[in-house]
Amino acid sequence: MSQLAPLDPAADAPQDEAWSRLLQLEAQVQITQTSLSHHTSKLSALRQTTDTISDSLWALLERLPVASAAPPPSPTPTSRFPATRIAPPVPGHTNIPRPALPNTYDGDRASGERFLQSCATYIQLCGDDFLSDELKIVWVLFYMKFGQAATYAMRIF
């Protein structure tokens, strides 16, 4: 009859540690794969959104009229933002400072009037830069980047 050698728990300890570490690494690989899959799907959704926005912008650009040699018609004053007279440039002084650009708008009602006034002021002072009403609208929507304003601007595009 053969005799079995007595089990030495100390001899099995390194092997148990190796198996334990292997199981930990496999669990980490599973977590990493799940995270990667999640991020890949989010990236795919962001790419799709970017493509949609890009297509909308191209469609808008195609609808813009080509600039003609004739000067653009002077804007008609509205009752809300009356037209202001701007003095003609002084001869020899062509570098007139540009007005400040409007701050971005997030849809907050308290700052809405201020945003509209700053946009209207800029458009009035730099009227030659805007060849059409559509271009003015797109320019204003560009500054609607956050919150409810961004949601509204995305629906327009």
Side-chain angles (χ1 to χ4, degrees), residues 18-157:
W19 278 107
S20 176
R21 182 68 181 140
L22 179 62
L23 291 174
Q24 287 175 348
L25 289 173
E26 285 178 346
Q28 286 179 347
V29 167
Q30 285 286 355
I31 292 170
T32 303
Q33 286 176 337
T34 302
S35 177
L36 180 62
S37 175
H38 173 73
H39 290 301
T40 301
S41 66
K42 281 181 110 177
L43 181 61
S44 177
L46 286 173
R47 281 187 183 143
Q48 192 173 26
T49 302
T50 302
D51 290 345
T52 302
I53 293 170
S54 180
D55 292 344
S56 297
L57 287 173
W58 278 112
L60 256 175
L61 284 173
E62 289 173 356
R63 289 182 20 208
L64 289 175
V66 177
S68 64
S74 60
T76 57
T78 64
S79 60
R80 186 172 186 164
F81 301 110
T84 56
R85 292 198 166 267
I86 300 173
V90 177
H93 292 283
T94 57
N95 291 336
I96 297 174
R98 310 277 297 172
L101 294 170
N103 292 329
T104 55
Y105 181 58
D106 63 359
D108 178 34
R109 290 177 188 255
S111 63
E113 189 70 31
R114 186 172 52 242
F115 173 73
L116 284 175
Q117 187 62 47
S118 66
C119 289
T121 301
Y122 189 91
I123 290 171
Q124 290 263 329
L125 294 174
C126 301
D128 294 340
D129 293 346
F130 301 97
L131 301 176
S132 69
D133 287 340
E134 241 178 7
L135 188 56
K136 292 175 189 175
I137 292 168
V138 170
W139 183 82
V140 171
L141 288 173
F142 174 76
Y143 288 96
M144 300 171 75
K145 295 182 180 184
F146 303 106
Q148 291 177 342
T151 303
Y152 174 77
M154 289 297 294
R155 277 191 251 158
I156 299 299
F157 286 117

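Keep in mind the model is a prediction, meaning the values are calculated, not measured.
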S.K.: Taking atom CG of Asn103 as the centre, does the number of heavy atoms from other residues, nucleotides or ligands within less than 6.0 Å exceed 12?
M.R.: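 For Asn103, atom CG is not crowded (no more than 12 foreign heavy atoms under 6.0 Å).
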
S.K.: Suppose the criterion is ring pair (Phe, Tyr, Trp, His ring centres under 6.0 Å): which pairs have a residue in residues 20-51, not counting sequence neighbours?
M.R.: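 Listed by first then second residue: nothing to list.
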
S.K.: Looking at every non-hydrogen atom in both residues, tell me the closest pair between Ser111 and Asp106 and how far apart they are.
M.R.: OG-OD1, 4.4 Å

S.K.: Quick one: CD on Gln124 to CD on Gln117, what's the gap to the nearest 0.5 Å?
M.R.: 9.0 Å

S.K.: What are the two closest non-hydrogen atoms of Phe146 and Thr104, and how far apart are they?
M.R.: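 Taking every non-hydrogen atom into account, CE1-OG1, 3.6 Å.
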
S.K.: Closest approach of Ile123 and Val140, non-hydrogen atoms and distance?
M.R.: CD1-CG2, 4.1 Å

S.K.: Within the distance-only criterion (no hydrogens, no angle test), does the side chain of Thr40 pair as donor or acceptor with the backbone N or O of Leu36 below 3.5 angstrom?
M.R.: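 Confirmed, Thr40 side chain pairs with Leu36 backbone.
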
S.K.: Of all heavy-atom pairs between Gln148 and Gly107, which one has the smallest distance, and what is that distance?
M.R.: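 Looks like OE1-O, 4.1 Å.
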
S.K.: Taking it one step at a time, do Arg47 and Leu43 satisfy side-chain contact (heavy atoms from CB on, under 4.5 Å)?
M.R.: CA-CA 6 Å; Arg47 281 187 183 143; Leu43 181 61; 3.6 Å; yes

S.K.: Return yes when atom CD of Gln24 has more than 12 non-hydrogen atoms of other residues, nucleotides or ligands closer than 6.0 Å, and no otherwise.
M.R.: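 It does: Gln24 CD has more than 12 such atoms within range.
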
S.K.: How long is the gap from CD on Glu113 to OG on Ser118, to the nearest 0.5 Å?
M.R.: 10.5 Å

S.K.: Using 30° and 60° as the class limits, which term best fits the ring planes of Phe115 and Tyr105: parallel, tilted or perpendicular?
M.R.: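 Plane angle under 30°, so parallel.
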
S.K.: Indicate yes or no: at least one non-hydrogen side-chain atom of Leu22 is less than 4.5 angstrom from one of Glu26.
M.R.: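 Result yes, sub-4.5 Å side-chain heavy-atom pair found.
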
S.K.: Where does the angle between the aromatic ring planes of Tyr122 and Trp139 fall among parallel (under 30°), tilted (30 to 60°) and perpendicular (over 60°)?
M.R.: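 Ring orientation, 0 to 90° scale: parallel.
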
S.K.: Ser37 side chain to Gln33 main-chain N or O, any donor-acceptor pair under 3.5 Å?
M.R.: no

